[in-house]
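Computed from a prediction, not measured in an experiment: that's the story for all the values here. We're numbering straight along the sequence, starting at 1.
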Amino acid sequence: VAALLPPFLLLAFTAGVFWSELSGGPIAYGRDTAVFYYPLTEWVADELRIGRLPAWIPLIFGGYPLLADGEAGVLSPLNATFLLTLPMPLAYTAMRATHVAIAALGLYALARTLGANGLGACIGGLAFAYGSFMVGHLQHDNILRSAAWLPWILLAGERALRARGA
């Protein structure tokens, strides 16, 4: 049970940070959020809800190949689940909060694997998920969603090397 306390604290911290947004308050945003990411995500959600896979968005210049670019994360099962089941803007905020939690838990797991104790790994998870890079790119959904998985990729590599005996 004690081993579950640090990951629980990371999840609770993330819920606390995003509580205002998750409970209907204003969404933290920058210009890119307001001009590009949120409207694009809302359009994707509308398309998914009427049963269309949004491969092409006709609203950007002469059209934009949405599936050829990862900006909206259309093919992410996690994003699609939120967009199909939650109303906007809750889906948008839930995607952000979930990816920040994924980042925190991933760094925690990586640090534990590398030998850090629970407290040190928890601090590492907080530092990664709430450090300047992740917070600075909170408005860049594609960067946030991609960077969140970095600790998990490094963890997989570490475990693969250990399994090989390297």
Worksheet item: Side chains of N79 and V74: closer than 4.5 Å at any heavy-atom pair?
Response: no
Practice prompt. Could you tell me which non-hydrogen atom of G120 sits nearest to which non-hydrogen atom of A116, and how far apart they are?
Written response: C-CB, 4.5 Å
Fill in: Taking every non-hydrogen atom, the tightest pair across A34 and P39
O-CG, 3.3 Å
Fill in: Main-chain N/O of I102 paired with W152 side-chain donor or acceptor, under 3.5 Å
yes
Worksheet item: Got F82 and L90 here, is their nearest side-chain heavy-atom distance under 4.5 Å?
Response: no
Item to complete: Tell me whether Y64 is reachable from W43 by hopping between hydrophobic residues (I, L, V, M, F, W, Y) whose side-chain heavy atoms are closer than 4.5 Å.
Response: yes
Discussion item. Please determine whether residues L5 and L11 belong to a single hydrophobic cluster, defined as Ile, Leu, Val, Met, Phe, Trp and Tyr linked transitively by side-chain heavy-atom distances below 4.5 Å.
Written reply: no
Worksheet item: For L83 and M88, what are the C-alpha separation, side-chain angles and deciding distance, and is it a side-chain contact (heavy atoms from CB on, under 4.5 Å)?
Response: CA-CA 8 Å; L83 294 174; M88 292 290 285; 3.9 Å; yes
Discussion item. According to a hydrophobic-cluster definition based on side-chain heavy atoms being under 4.5 Å apart (Ile, Leu, Val, Met, Phe, Trp, Tyr only), do F61 and I57 belong together?
Written reply: yes
Item to complete: Side-chain contact test, heavy atoms from C-beta onward, threshold under 4.5 Å: evaluate it for P6 versus L119 and give yes or no.
Response: no
Worksheet item: L40 and A72: which non-hydrogen atoms are nearest, and at how many Å?
Response: CD2-CB, 3.8 Å
Item to complete: Find out whether F13 and L126 are in side-chain contact, i.e. whether some heavy atom of one side chain is under 4.5 Å from a heavy atom of the other.
Response: yes
Worksheet item: Heavy atoms, side chains only, cut-off 4.5 Å: are L66 and E47 in contact?
Response: no
Item to complete: Enter the distance from L154:CG to R159:CZ here, rounded to the nearest 0.5 Å.
Response: 12.5 Å
Discussion item. Please give me the minimum heavy-atom distance between A94 and L86, naming the atom from each residue.
Written reply: CB-CD1, 3.9 Å
Identify every side-chain donor-acceptor pair in residues 15-24 under 3.5 Å, counting partners at least two apart or on other chains, and give the distances.
unit_1	atom_1	unit_2	atom_2	d
E21	OE2	A28	N	3.3
S23	OG	W19	O	2.7
S23	OG	S20	O	3.3

Discussion item. Taking Y29 as the starting point, is it possible to reach F36 by hopping between hydrophobic residues whose side chains are less than 4.5 Å apart?
Written reply: no
Discussion item. Is there a side-chain contact (heavy atoms from CB on, under 4.5 Å) between H137 and F133? Walk through the geometry before answering.
Written reply: CA-CA 6 Å; H137 286 292; F133 179 82; 3.4 Å; yes
Discussion item. Regarding R49 and T85, do their side chains bring together a donor and an acceptor under 3.5 Å, going by distance alone?
Written reply: no
Worksheet, complete the sentence: d(L138 CG, T33 OG1) to nearest 0.5 Å is 7.0 Å
Worksheet item: Do T113 and R162 come within less than 4.5 Å of each other through their side chains, counting heavy atoms only?
Response: yes
Practice prompt. Verify whether one side chain among Y37 and E71 offers a donor that lies under 3.5 Å from an acceptor in the other.
Written response: yes
Worksheet, complete the sentence: Rounding to 0.5 Å, atoms CD1 (I123) and CG (N117) come to a distance of 8.0 Å
Worksheet item: Has the side chain of R96 got a donor or acceptor atom that lies under 3.5 Å from a matching backbone atom of V100?
Response: no
Discussion item. Can you confirm whether H140 sits close enough to N142 that some side-chain heavy atom of one is under 4.5 Å from a side-chain heavy atom of the other?
Written reply: yes
Worksheet item: Hey, what do you get for CG (L9) to SG (C122), rounding to the nearest 0.5 Å?
Response: 5.5 Å
Worksheet item: Quick one: CG on L155 to CG on L105, what's the gap to the nearest 0.5 Å?
Response: 11.5 Å
Worksheet, complete the sentence: Closest heavy-atom pair, R145 versus G73, reported as atoms and distance to 0.1 Å, is NH2-N, 3.5 Å
Discussion item. Is it the case that the side chains of D141 and Y92 hold a donor-acceptor pair, with the cut-off being a distance below 3.5 Å and no angle test?
Written reply: yes
Worksheet item: Passes side-chain contact (heavy atoms from CB on, under 4.5 Å), R52 versus D46? Steps please.
Response: CA-CA 9 Å; R52 282 197 291 238; D46 291 343; over 6 Å; no
Worksheet item: Are F128 and Y108 near enough that their ring centres are under 6.0 Å apart?
Response: no
Fill in: Audit row: L53, L67, side-chain contact (heavy atoms from CB on, under 4.5 Å) steps and yes/no
CA-CA 9 Å; L53 181 62; L67 294 182; 3.9 Å; yes
Discussion item. If hydrophobic clusters are built by linking Ile, Leu, Val, Met, Phe, Trp and Tyr wherever their side-chain heavy atoms come under 4.5 Å apart, do V135 and I143 end up in the same one?
Written reply: no
Discussion item. Quick one, L78 and H99 - any side-chain contact, counting heavy atoms below 4.5 Å?
Written reply: yes
Worksheet item: What pair of heavy atoms forms the shortest contact from P54 to V44, and how long is it?
Response: CG-CG1, 4.0 Å
